[in-house]
Amino acid sequence: MNFKGKKITIVGLAKSGVGAANLLNRLGAIVRVTDVKSQDALKPFLSKLESGITCELGGHPDFLLEDVDLIVISPGVPMDIGYLKKASERSIDIIGELELAYRIIMKDRSSSSSKMPRFLAVTGTNGKSTTTTLLYEMIKAGGFRAFLGGNIGNALTEEIYKNILSNGYDIYEKDFLVTEVSSFQLESIVQFSPSGSAILNITPDHLDRYSSMFSYIDAKCRIFLNQRKGDFIVLNADDPATDDILIRLRNQESLGMGIPEIFYFSMRQRVHGAYYDYNDKVISFNLPEYKIRDLRCRIDHIPPDFHLLPSDFKIKGVHNIENSMAASLIALLSGCKTEIIYEVLGSYPGLEHRLEFVRDINGVRFINDSKGTNVAAVMKSLEGFYEPVILIAGGRDKHGDFTLLRTLVREKVKALILIGEAREKIKNALGDLTRVFFEESLRDSVFRAKSISVNGDIVLLSPACASFDMFNDFEDRGRQFKKLVMEL
(Lines give C-alpha, C1' and ligand atoms only; values in the text may rest on other atoms or scores of the structure.)
Protein backbone atom coordinates (compact mmCIF):
# COMPACT_ATOMS: atom_id res chain seq x y z
CA MET A 1 0.00 0.00 0.00
CA ASN A 2 1.28 3.44 -0.91
CA PHE A 3 0.61 5.62 2.14
CA LYS A 4 1.21 8.99 0.47
CA GLY A 5 -1.92 11.12 0.74
CA LYS A 6 -3.86 8.38 2.56
CA LYS A 7 -6.01 9.43 5.51
CA ILE A 8 -5.07 7.23 8.45
CA THR A 9 -6.32 7.28 12.03
CA ILE A 10 -4.20 5.92 14.89
CA VAL A 11 -6.31 4.63 17.79
CA GLY A 12 -4.40 4.63 21.08
CA LEU A 13 -1.26 6.68 21.52
CA ALA A 14 1.38 5.26 23.91
CA LYS A 15 4.74 4.09 22.55
CA SER A 16 3.62 2.03 19.56
CA GLY A 17 1.03 4.67 18.63
CA VAL A 18 3.73 7.34 18.52
CA GLY A 19 5.94 5.12 16.34
CA ALA A 20 3.11 4.35 13.91
CA ALA A 21 1.95 7.99 13.72
CA ASN A 22 5.41 9.44 13.09
CA LEU A 23 6.29 6.74 10.56
CA LEU A 24 3.10 7.24 8.54
CA ASN A 25 3.54 10.99 8.69
CA ARG A 26 7.03 10.60 7.19
CA LEU A 27 5.61 8.34 4.49
CA GLY A 28 3.27 11.13 3.41
CA ALA A 29 0.03 10.04 5.04
CA ILE A 30 -2.49 12.44 6.61
CA VAL A 31 -2.38 11.21 10.20
CA ARG A 32 -4.88 11.70 13.02
CA VAL A 33 -4.53 10.24 16.51
CA THR A 34 -7.39 9.48 18.89
CA ASP A 35 -7.23 8.30 22.51
CA VAL A 36 -9.71 8.09 25.38
CA LYS A 37 -7.16 9.59 27.78
CA SER A 38 -6.77 13.30 28.42
CA GLN A 39 -4.07 15.62 27.15
CA ASP A 40 -2.46 15.75 30.61
CA ALA A 41 -2.29 11.96 30.86
CA LEU A 42 -0.73 11.69 27.39
CA LYS A 43 1.69 14.60 27.70
CA PRO A 44 4.88 12.44 27.53
CA PHE A 45 3.70 10.86 24.26
CA LEU A 46 2.23 13.98 22.67
CA SER A 47 5.57 15.75 22.93
CA LYS A 48 7.13 13.06 20.70
CA LEU A 49 4.69 13.47 17.81
CA GLU A 50 5.87 15.17 14.64
CA SER A 51 4.25 18.41 13.53
CA GLY A 52 1.32 17.97 11.16
CA ILE A 53 -0.27 15.14 13.16
CA THR A 54 -3.66 16.08 14.60
CA CYS A 55 -5.08 14.66 17.85
CA GLU A 56 -8.58 14.04 19.19
CA LEU A 57 -8.34 13.17 22.88
CA GLY A 58 -10.81 12.19 25.57
CA GLY A 59 -12.72 9.77 23.34
CA HIS A 60 -13.18 8.45 19.81
CA PRO A 61 -15.62 10.79 18.03
CA ASP A 62 -17.69 9.38 15.16
CA PHE A 63 -16.52 12.04 12.72
CA LEU A 64 -13.16 10.25 12.66
CA LEU A 65 -14.93 7.49 10.72
CA GLU A 66 -15.58 9.87 7.84
CA ASP A 67 -13.19 9.91 4.91
CA VAL A 68 -10.61 7.51 6.37
CA ASP A 69 -8.61 4.96 4.37
CA LEU A 70 -7.09 2.94 7.21
CA ILE A 71 -7.24 2.62 10.99
CA VAL A 72 -4.14 1.48 12.91
CA ILE A 73 -4.68 0.41 16.51
CA SER A 74 -2.25 0.17 19.40
CA PRO A 75 -2.04 -3.20 21.23
CA GLY A 76 -3.83 -1.90 24.33
CA VAL A 77 -7.00 -1.09 22.35
CA PRO A 78 -9.55 -3.95 22.29
CA MET A 79 -11.00 -4.84 18.90
CA ASP A 80 -14.55 -4.80 20.28
CA ILE A 81 -14.83 -1.14 21.32
CA GLY A 82 -17.75 0.75 19.79
CA TYR A 83 -15.62 2.93 17.52
CA LEU A 84 -13.94 -0.08 15.87
CA LYS A 85 -17.22 -1.94 15.55
CA LYS A 86 -18.64 1.02 13.62
CA ALA A 87 -15.51 1.11 11.48
CA SER A 88 -15.92 -2.59 10.64
CA GLU A 89 -19.55 -2.02 9.68
CA ARG A 90 -18.32 0.61 7.20
CA SER A 91 -15.71 -1.85 5.83
CA ILE A 92 -12.80 0.35 6.91
CA ASP A 93 -9.55 -1.61 7.08
CA ILE A 94 -8.27 -2.05 10.67
CA ILE A 95 -4.77 -3.28 11.39
CA GLY A 96 -2.35 -3.16 14.33
CA GLU A 97 1.06 -1.55 14.68
CA LEU A 98 2.82 -4.91 14.19
CA GLU A 99 0.93 -5.56 10.96
CA LEU A 100 1.74 -2.06 9.72
CA ALA A 101 5.47 -2.58 10.31
CA TYR A 102 5.38 -5.99 8.64
CA ARG A 103 3.70 -4.63 5.51
CA ILE A 104 6.15 -1.76 5.18
CA ILE A 105 9.24 -3.94 5.65
CA MET A 106 8.10 -6.71 3.30
CA LYS A 107 6.88 -4.28 0.63
CA ASP A 108 10.17 -2.38 0.62
CA ARG A 109 12.26 -5.54 0.38
CA SER A 110 10.07 -7.17 -2.29
CA SER A 111 10.73 -4.17 -4.53
CA SER A 112 14.50 -4.70 -4.29
CA SER A 113 16.90 -7.48 -5.14
CA SER A 114 17.98 -7.90 -1.51
CA LYS A 115 17.17 -10.93 0.57
CA MET A 116 14.00 -10.70 2.64
CA PRO A 117 14.48 -10.55 6.42
CA ARG A 118 12.89 -13.44 8.26
CA PHE A 119 10.61 -12.91 11.22
CA LEU A 120 10.97 -15.14 14.28
CA ALA A 121 7.99 -14.57 16.59
CA VAL A 122 7.53 -15.71 20.18
CA THR A 123 4.28 -15.59 22.13
CA GLY A 124 2.85 -17.22 25.26
CA THR A 125 1.42 -16.16 28.59
CA ASN A 126 4.74 -16.29 30.44
CA GLY A 127 8.41 -16.29 29.47
CA LYS A 128 8.08 -14.32 26.21
CA SER A 129 10.63 -11.61 26.96
CA THR A 130 13.29 -13.94 28.37
CA THR A 131 12.93 -16.42 25.50
CA THR A 132 12.87 -13.71 22.83
CA THR A 133 15.93 -11.93 24.23
CA LEU A 134 17.82 -15.21 24.66
CA LEU A 135 16.95 -16.19 21.08
CA TYR A 136 18.14 -12.79 19.82
CA GLU A 137 21.48 -13.22 21.60
CA MET A 138 21.91 -16.67 20.04
CA ILE A 139 21.04 -15.48 16.54
CA LYS A 140 23.38 -12.51 16.87
CA ALA A 141 26.23 -14.63 18.29
CA GLY A 142 25.68 -17.07 15.42
CA GLY A 143 26.87 -14.45 12.95
CA PHE A 144 23.47 -13.38 11.67
CA ARG A 145 22.33 -9.77 11.44
CA ALA A 146 19.43 -9.50 13.86
CA PHE A 147 16.95 -7.01 15.31
CA LEU A 148 15.04 -7.39 18.58
CA GLY A 149 11.63 -5.74 18.89
CA GLY A 150 7.88 -5.98 19.23
CA ASN A 151 6.02 -6.31 22.51
CA ILE A 152 9.33 -6.37 24.39
CA GLY A 153 9.33 -2.57 24.30
CA ASN A 154 11.01 -1.69 21.03
CA ALA A 155 8.22 -1.02 18.51
CA LEU A 156 9.06 -2.01 14.94
CA THR A 157 7.41 1.12 13.55
CA GLU A 158 9.64 3.25 15.77
CA GLU A 159 12.72 1.49 14.43
CA ILE A 160 11.65 1.97 10.80
CA TYR A 161 10.99 5.64 11.58
CA LYS A 162 14.51 6.02 13.00
CA ASN A 163 15.90 4.44 9.84
CA ILE A 164 14.10 7.01 7.71
CA LEU A 165 15.36 9.88 9.88
CA SER A 166 18.96 8.72 9.58
CA ASN A 167 18.67 7.78 5.90
CA GLY A 168 19.76 4.32 7.00
CA TYR A 169 18.38 0.93 6.10
CA ASP A 170 19.65 -1.06 9.04
CA ILE A 171 16.40 -2.86 9.86
CA TYR A 172 15.86 -3.81 6.21
CA GLU A 173 19.27 -5.42 5.95
CA LYS A 174 18.76 -7.86 8.82
CA ASP A 175 18.71 -11.63 8.37
CA PHE A 176 16.24 -12.06 11.23
CA LEU A 177 13.74 -9.81 12.99
CA VAL A 178 13.30 -11.46 16.39
CA THR A 179 9.95 -10.34 17.79
CA GLU A 180 8.00 -10.82 20.97
CA VAL A 181 4.30 -10.71 20.11
CA SER A 182 1.35 -10.47 22.49
CA SER A 183 -2.18 -11.75 22.06
CA PHE A 184 -3.27 -8.10 21.80
CA GLN A 185 -0.98 -7.58 18.80
CA LEU A 186 -2.04 -10.84 17.17
CA GLU A 187 -5.71 -9.85 17.28
CA SER A 188 -5.10 -7.31 14.53
CA ILE A 189 -2.72 -9.09 12.12
CA VAL A 190 -3.77 -9.83 8.54
CA GLN A 191 -0.63 -10.69 6.57
CA PHE A 192 1.99 -11.05 9.33
CA SER A 193 3.79 -14.33 8.69
CA PRO A 194 6.89 -15.41 10.66
CA SER A 195 9.14 -18.10 9.19
CA GLY A 196 9.54 -19.47 12.72
CA SER A 197 7.19 -19.09 15.67
CA ALA A 198 6.70 -20.37 19.20
CA ILE A 199 3.83 -20.58 21.67
CA LEU A 200 5.53 -21.13 25.02
CA ASN A 201 2.42 -21.72 27.15
CA ILE A 202 -1.16 -20.50 27.51
CA THR A 203 -2.52 -20.11 31.02
CA PRO A 204 -5.36 -17.90 32.32
CA ASP A 205 -4.45 -14.23 31.87
CA HIS A 206 -6.07 -11.05 30.54
CA LEU A 207 -9.49 -12.52 31.25
CA ASP A 208 -10.55 -8.95 31.94
CA ARG A 209 -10.17 -8.49 28.16
CA TYR A 210 -11.12 -11.92 26.81
CA SER A 211 -14.55 -13.45 27.42
CA SER A 212 -13.11 -16.96 27.90
CA MET A 213 -9.96 -19.05 27.68
CA PHE A 214 -11.22 -20.23 24.29
CA SER A 215 -11.03 -16.71 22.85
CA TYR A 216 -7.65 -16.10 24.54
CA ILE A 217 -6.24 -19.27 22.92
CA ASP A 218 -7.74 -18.19 19.60
CA ALA A 219 -5.83 -14.91 19.81
CA LYS A 220 -2.52 -16.65 20.59
CA CYS A 221 -3.01 -19.12 17.74
CA ARG A 222 -3.18 -16.32 15.21
CA ILE A 223 0.63 -16.42 15.30
CA PHE A 224 0.51 -19.29 12.77
CA LEU A 225 -2.42 -17.89 10.76
CA ASN A 226 -0.23 -17.24 7.71
CA GLN A 227 2.51 -19.80 8.28
CA ARG A 228 2.80 -22.48 5.61
CA LYS A 229 4.89 -25.50 4.62
CA GLY A 230 8.58 -24.65 4.98
CA ASP A 231 7.94 -22.61 8.15
CA PHE A 232 8.13 -24.05 11.67
CA ILE A 233 6.44 -23.66 15.05
CA VAL A 234 7.72 -24.66 18.49
CA LEU A 235 5.19 -25.80 21.11
CA ASN A 236 5.28 -26.82 24.78
CA ALA A 237 4.45 -30.54 24.92
CA ASP A 238 3.67 -30.27 28.65
CA ASP A 239 1.18 -27.41 28.43
CA PRO A 240 -2.51 -28.46 28.59
CA ALA A 241 -3.42 -25.81 26.02
CA THR A 242 -1.19 -27.46 23.39
CA ASP A 243 -3.99 -29.92 22.57
CA ASP A 244 -6.21 -26.95 21.72
CA ILE A 245 -3.41 -25.41 19.64
CA LEU A 246 -2.99 -28.65 17.67
CA ILE A 247 -6.73 -28.79 16.97
CA ARG A 248 -6.54 -25.33 15.45
CA LEU A 249 -3.47 -26.29 13.41
CA ARG A 250 -5.22 -29.37 12.04
CA ASN A 251 -8.32 -27.35 11.22
CA GLN A 252 -6.13 -24.93 9.28
CA GLU A 253 -4.55 -27.89 7.46
CA SER A 254 -7.96 -29.38 6.64
CA LEU A 255 -8.89 -26.15 4.85
CA GLY A 256 -5.98 -26.76 2.48
CA MET A 257 -4.01 -23.79 3.81
CA GLY A 258 -0.88 -25.70 4.82
CA ILE A 259 0.76 -25.54 8.23
CA PRO A 260 4.29 -25.11 9.61
CA GLU A 261 6.35 -28.09 10.73
CA ILE A 262 5.79 -28.74 14.44
CA PHE A 263 8.55 -29.15 17.04
CA TYR A 264 8.24 -29.48 20.81
CA PHE A 265 10.07 -28.84 24.04
CA SER A 266 9.30 -30.76 27.23
CA MET A 267 10.36 -31.14 30.85
CA ARG A 268 8.69 -34.58 31.10
CA GLN A 269 9.21 -36.65 27.97
CA ARG A 270 11.44 -37.26 24.98
CA VAL A 271 9.95 -35.29 22.08
CA HIS A 272 10.73 -34.28 18.52
CA GLY A 273 12.69 -31.20 19.55
CA ALA A 274 14.21 -30.40 22.95
CA TYR A 275 13.63 -32.20 26.24
CA TYR A 276 14.94 -32.29 29.79
CA ASP A 277 16.66 -35.52 30.77
CA TYR A 278 16.02 -36.00 34.49
CA ASN A 279 18.50 -38.88 34.77
CA ASP A 280 21.48 -36.79 33.65
CA LYS A 281 19.90 -33.41 34.52
CA VAL A 282 20.65 -32.05 31.05
CA ILE A 283 18.75 -30.62 28.10
CA SER A 284 18.96 -32.87 25.06
CA PHE A 285 17.84 -32.47 21.46
CA ASN A 286 16.09 -35.07 19.34
CA LEU A 287 16.42 -33.80 15.75
CA PRO A 288 18.07 -36.63 13.78
CA GLU A 289 19.36 -35.56 10.36
CA TYR A 290 16.88 -32.69 10.04
CA LYS A 291 17.51 -30.35 7.11
CA ILE A 292 16.33 -26.74 6.93
CA ARG A 293 15.53 -25.11 3.61
CA ASP A 294 16.63 -21.67 2.43
CA LEU A 295 18.77 -20.74 5.41
CA ARG A 296 22.33 -19.52 5.30
CA CYS A 297 23.49 -22.24 7.74
CA ARG A 298 21.78 -25.61 7.37
CA ILE A 299 21.45 -28.22 10.09
CA ASP A 300 22.32 -31.56 8.56
CA HIS A 301 22.67 -33.48 11.79
CA ILE A 302 22.47 -32.81 15.51
CA PRO A 303 24.73 -35.27 17.36
CA PRO A 304 22.78 -37.55 19.70
CA ASP A 305 25.26 -36.80 22.49
CA PHE A 306 24.70 -33.02 22.29
CA HIS A 307 23.60 -31.89 25.75
CA LEU A 308 23.20 -28.59 27.60
CA LEU A 309 23.70 -28.55 31.35
CA PRO A 310 21.21 -26.34 33.28
CA SER A 311 23.79 -26.04 36.07
CA ASP A 312 25.89 -24.04 33.62
CA PHE A 313 23.13 -21.48 33.05
CA LYS A 314 23.30 -18.07 34.66
CA ILE A 315 19.51 -17.67 34.69
CA LYS A 316 17.80 -19.77 37.35
CA GLY A 317 14.33 -21.22 37.86
CA VAL A 318 12.37 -24.16 36.48
CA HIS A 319 10.61 -21.96 33.94
CA ASN A 320 13.95 -20.75 32.60
CA ILE A 321 14.90 -24.31 31.68
CA GLU A 322 11.77 -24.27 29.51
CA ASN A 323 12.62 -20.85 28.11
CA SER A 324 16.16 -22.02 27.34
CA MET A 325 14.89 -25.11 25.54
CA ALA A 326 12.50 -23.05 23.42
CA ALA A 327 15.09 -20.43 22.49
CA SER A 328 17.77 -23.04 21.75
CA LEU A 329 15.42 -25.04 19.54
CA ILE A 330 14.36 -22.00 17.50
CA ALA A 331 18.01 -20.96 17.16
CA LEU A 332 19.03 -24.43 15.95
CA LEU A 333 16.20 -24.50 13.41
CA SER A 334 17.28 -21.04 12.23
CA GLY A 335 20.84 -22.12 11.51
CA CYS A 336 22.78 -21.44 14.72
CA LYS A 337 25.53 -23.85 15.70
CA THR A 338 25.39 -25.83 18.91
CA GLU A 339 28.56 -24.38 20.39
CA ILE A 340 27.19 -20.84 19.97
CA ILE A 341 23.99 -21.78 21.80
CA TYR A 342 25.94 -23.32 24.68
CA GLU A 343 28.12 -20.23 24.93
CA VAL A 344 25.15 -17.85 25.10
CA LEU A 345 23.34 -19.95 27.73
CA GLY A 346 26.46 -19.84 29.87
CA SER A 347 26.71 -16.05 29.75
CA TYR A 348 23.16 -14.69 29.47
CA PRO A 349 22.31 -12.91 32.77
CA GLY A 350 18.53 -12.75 32.42
CA LEU A 351 16.15 -9.78 32.30
CA GLU A 352 15.28 -7.18 34.88
CA HIS A 353 12.18 -7.93 37.00
CA ARG A 354 12.24 -11.69 36.24
CA LEU A 355 13.47 -13.51 39.36
CA GLU A 356 16.13 -10.81 39.63
CA PHE A 357 18.38 -11.07 42.67
CA VAL A 358 18.47 -7.70 44.44
CA ARG A 359 20.37 -8.07 47.69
CA ASP A 360 21.32 -10.41 50.54
CA ILE A 361 20.77 -8.93 54.01
CA ASN A 362 21.97 -11.13 56.88
CA GLY A 363 21.23 -14.28 54.93
CA VAL A 364 17.83 -13.10 53.64
CA ARG A 365 17.70 -12.90 49.83
CA PHE A 366 15.42 -10.31 48.20
CA ILE A 367 14.14 -11.26 44.74
CA ASN A 368 12.39 -8.94 42.27
CA ASP A 369 9.86 -10.86 40.14
CA SER A 370 7.60 -7.89 39.35
CA LYS A 371 6.94 -9.38 35.89
CA GLY A 372 5.01 -12.14 37.68
CA THR A 373 1.72 -10.48 36.73
CA ASN A 374 -0.46 -13.60 36.68
CA VAL A 375 -1.04 -16.71 38.76
CA ALA A 376 0.83 -19.10 36.45
CA ALA A 377 3.96 -16.93 36.55
CA VAL A 378 3.97 -16.95 40.37
CA MET A 379 3.53 -20.72 40.38
CA LYS A 380 6.62 -21.13 38.17
CA SER A 381 8.61 -18.79 40.41
CA LEU A 382 7.64 -20.54 43.66
CA GLU A 383 8.49 -23.95 42.17
CA GLY A 384 12.13 -22.88 41.92
CA PHE A 385 12.58 -22.14 45.65
CA TYR A 386 13.32 -24.63 48.41
CA GLU A 387 13.82 -22.03 51.16
CA PRO A 388 10.93 -20.47 53.15
CA VAL A 389 9.36 -17.66 51.10
CA ILE A 390 7.85 -14.38 52.27
CA LEU A 391 5.66 -13.49 49.30
CA ILE A 392 4.67 -9.91 48.50
CA ALA A 393 1.66 -10.03 46.17
CA GLY A 394 -1.35 -8.06 45.04
CA GLY A 395 -2.32 -5.31 42.66
CA ARG A 396 -5.01 -5.02 40.02
CA ASP A 397 -6.79 -8.33 39.50
CA LYS A 398 -6.92 -9.71 35.94
CA HIS A 399 -9.64 -12.23 36.92
CA GLY A 400 -6.97 -14.65 38.10
CA ASP A 401 -7.78 -17.82 40.04
CA PHE A 402 -5.59 -17.45 43.12
CA THR A 403 -6.74 -20.81 44.53
CA LEU A 404 -4.36 -22.43 42.02
CA LEU A 405 -1.55 -21.26 44.32
CA ARG A 406 -2.83 -23.14 47.37
CA THR A 407 -0.52 -26.17 47.20
CA LEU A 408 2.62 -24.10 46.64
CA VAL A 409 1.68 -21.56 49.31
CA ARG A 410 1.06 -24.34 51.82
CA GLU A 411 4.42 -25.95 51.05
CA LYS A 412 6.68 -22.94 50.55
CA VAL A 413 5.24 -19.62 51.80
CA LYS A 414 5.79 -18.74 55.46
CA ALA A 415 3.97 -15.39 55.15
CA LEU A 416 1.88 -13.45 52.64
CA ILE A 417 2.19 -9.66 52.48
CA LEU A 418 -0.67 -8.28 50.41
CA ILE A 419 -1.15 -4.87 48.77
CA GLY A 420 -3.42 -3.27 46.19
CA GLU A 421 -6.94 -3.80 44.94
CA ALA A 422 -6.82 -7.62 44.89
CA ARG A 423 -5.57 -8.17 48.44
CA GLU A 424 -8.97 -9.20 49.87
CA LYS A 425 -9.52 -11.68 47.04
CA ILE A 426 -6.06 -13.19 47.54
CA LYS A 427 -6.59 -13.45 51.31
CA ASN A 428 -9.94 -15.20 50.78
CA ALA A 429 -8.22 -17.72 48.48
CA LEU A 430 -5.05 -18.35 50.51
CA GLY A 431 -5.40 -16.77 53.94
CA ASP A 432 -6.07 -20.00 55.81
CA LEU A 433 -2.71 -21.49 54.74
CA THR A 434 -0.17 -19.07 56.22
CA ARG A 435 0.22 -15.76 58.05
CA VAL A 436 -1.24 -12.80 56.15
CA PHE A 437 -0.35 -9.11 56.47
CA PHE A 438 -2.16 -6.22 54.74
CA GLU A 439 0.01 -3.23 53.91
CA GLU A 440 -0.91 0.10 52.33
CA SER A 441 2.25 0.57 50.27
CA LEU A 442 5.17 -1.30 48.79
CA ARG A 443 7.45 0.53 51.23
CA ASP A 444 5.47 -0.84 54.19
CA SER A 445 5.54 -4.30 52.61
CA VAL A 446 9.34 -4.29 52.31
CA PHE A 447 9.70 -3.12 55.92
CA ARG A 448 7.28 -5.81 57.08
CA ALA A 449 9.16 -8.50 55.16
CA LYS A 450 12.44 -7.40 56.69
CA SER A 451 10.99 -7.43 60.20
CA ILE A 452 9.63 -11.02 59.99
CA SER A 453 12.47 -12.60 57.99
CA VAL A 454 15.31 -14.72 59.38
CA ASN A 455 18.54 -16.11 57.96
CA GLY A 456 17.73 -18.46 55.05
CA ASP A 457 14.44 -16.84 54.02
CA ILE A 458 13.53 -15.53 50.57
CA VAL A 459 11.60 -12.27 50.23
CA LEU A 460 9.90 -12.52 46.85
CA LEU A 461 7.98 -9.77 45.07
CA SER A 462 5.81 -11.74 42.64
CA PRO A 463 2.43 -10.01 42.60
CA ALA A 464 0.19 -12.29 40.44
CA CYS A 465 -1.56 -9.06 39.41
CA ALA A 466 -1.21 -6.08 37.14
CA SER A 467 0.48 -2.99 38.56
CA PHE A 468 -1.77 -0.18 37.38
CA ASP A 469 -3.62 0.42 40.65
CA MET A 470 -0.46 1.73 42.33
CA PHE A 471 2.31 1.99 39.68
CA ASN A 472 2.87 3.07 36.08
CA ASP A 473 3.74 -0.47 35.01
CA PHE A 474 5.50 -3.61 36.27
CA GLU A 475 8.91 -2.00 35.59
CA ASP A 476 8.02 0.94 37.84
CA ARG A 477 6.88 -1.49 40.56
CA GLY A 478 10.07 -3.56 40.28
CA ARG A 479 12.39 -0.57 40.36
CA GLN A 480 10.65 0.90 43.39
CA PHE A 481 11.01 -2.47 45.14
CA LYS A 482 14.74 -2.59 44.37
CA LYS A 483 15.23 0.97 45.57
CA LEU A 484 13.45 0.22 48.83
CA VAL A 485 15.51 -2.95 49.40
CA MET A 486 18.76 -1.12 48.74
CA GLU A 487 17.75 1.50 51.34
CA LEU A 488 17.21 -1.08 54.09
Side-chain angles (χ1 to χ4, degrees), residues 12 14-16 37 41 44-45 74-76 122-134 148-155 180-185 200-201 203-209 315 317 319-320 323 349-359 366-382 384 389 391-400 402 405 416-423 425-426 439 441-446 449 459-486:
K15 189 168 185 179
S16 60
K37 293 179 181 177
F45 301 110
S74 294
V122 177
T123 194
T125 303
N126 298 304
K128 295 187 296 295
S129 295
T130 296
T131 303
T132 306
T133 308
L134 192 50
L148 174 67
N151 187 61
I152 202 165
N154 190 10
E180 176 188 324
V181 294
S182 68
S183 58
F184 295 174
Q185 290 175 309
L200 303 177
N201 47 65
T203 55
D205 195 17
H206 300 301
L207 297 182
D208 50 346
R209 172 149 169 167
I315 51 175
H319 59 297
N320 277 327
N323 296 336
L351 292 174
E352 190 179 18
H353 313 301
R354 284 97 171 158
L355 285 180
E356 178 190 9
F357 172 74
V358 181
R359 188 180 176 194
F366 289 76
I367 307 294
N368 168 28
D369 192 41
S370 183
K371 189 59 174 70
T373 58
N374 56 63
V375 171
V378 179
M379 291 174 70
K380 290 288 187 183
S381 296
L382 287 174
V389 175
L391 177 63
I392 301 174
R396 177 157 295 168
D397 181 25
K398 295 193 287 182
H399 295 188
F402 299 109
L405 290 166
L416 272 172
I417 302 175
L418 303 178
I419 58 174
E421 295 173 357
R423 62 184 186 177
K425 182 177 177 181
I426 299 173
E439 299 296 345
S441 69
L442 187 58
R443 175 180 291 276
D444 292 341
S445 300
V446 170
V459 175
L460 173 67
L461 171 69
S462 194
C465 295
S467 58
F468 304 117
D469 56 339
M470 299 171 70
F471 307 92
N472 294 328
D473 46 38
F474 76 85
E475 290 101 333
D476 179 34
R477 177 170 60 191
R479 287 173 188 143
Q480 288 196 37
F481 174 74
K482 290 194 290 182
K483 183 175 183 293
L484 290 165
V485 171
M486 296 310 294

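Model, not experiment: these values are computed from the prediction.
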When rounded to the nearest 0.5 angstrom, what is the spacing between [atom1] in [X] and [atom2] in [Y]?
X	Y	atom1	atom2	value
Glu475	Asn368	CD	CG	10.5 Å
Ser129	Lys371	OG	NZ	5.5 Å
Asn320	Leu134	CG	CG	8.5 Å
Leu200	Thr131	CG	OG1	4.5 Å
Asp476	Phe481	CG	CZ	14.0 Å

Worksheet item: Between Asp397 and Lys425, does a side-chain contact (heavy atoms from CB on, under 4.5 Å) hold up when you go through it step by step?
Response: CA-CA 9 Å; Asp397 181 25; Lys425 182 177 177 181; 2.8 Å; yes
Discussion item. Please verify the inter-ring angle class for Phe474 with His353; under 30° counts as parallel, over 60° as perpendicular, anything in between as tilted.
Written reply: perpendicular
Item to complete: Starting from the C-alpha separation in whole Å, work towards a yes-or-no answer on side-chain contact (heavy atoms from CB on, under 4.5 Å) for Ile367 and Ser381.
Response: CA-CA 10 Å; Ile367 307 294; Ser381 296; over 6 Å; no
Can any side-chain N or O of [X] pair as donor or acceptor with the backbone N or O of [Y] at less than 3.5 Å?
X	Y	answer
Arg359	Val485	yes
Gln185	Ser182	yes
Lys128	Gly124	yes
Arg423	Glu439	yes
Asn201	Thr125	yes

What are the two closest non-hydrogen atoms of [X] and [Y], and how far apart are they?
X	Y	value
Pro75	Ser16	CD-OG, 3.1 Å
Ile392	Ala449	CD1-CB, 4.4 Å
Gly478	Ser370	N-OG, 3.4 Å
Ser445	Ile419	OG-CG2, 3.0 Å
Ala376	Asn126	CB-ND2, 3.4 Å

Fill in: Leu460 vs Val378, side-chain contact (heavy atoms from CB on, under 4.5 Å): CA-CA, chis, key distance, verdict
CA-CA 10 Å; Leu460 173 67; Val378 179; 5.7 Å; no
Discussion item. Walk me through whether Leu461 and Arg477 qualify under side-chain contact (heavy atoms from CB on, under 4.5 Å).
Written reply: CA-CA 9 Å; Leu461 171 69; Arg477 177 170 60 191; 4.3 Å; yes
Practice prompt. For residues 462-474, pull every pair meeting side-chain hydrogen bond (donor to acceptor under 3.5 Å, both in side chains), keeping only residues two or more places apart or in separate chains.
Written response: Asp369-Ser462
Worksheet item: So which of Ile152, Val122, Asn323 actually passes side-chain contact (heavy atoms from CB on, under 4.5 Å) with Thr133?
Response: Ile152
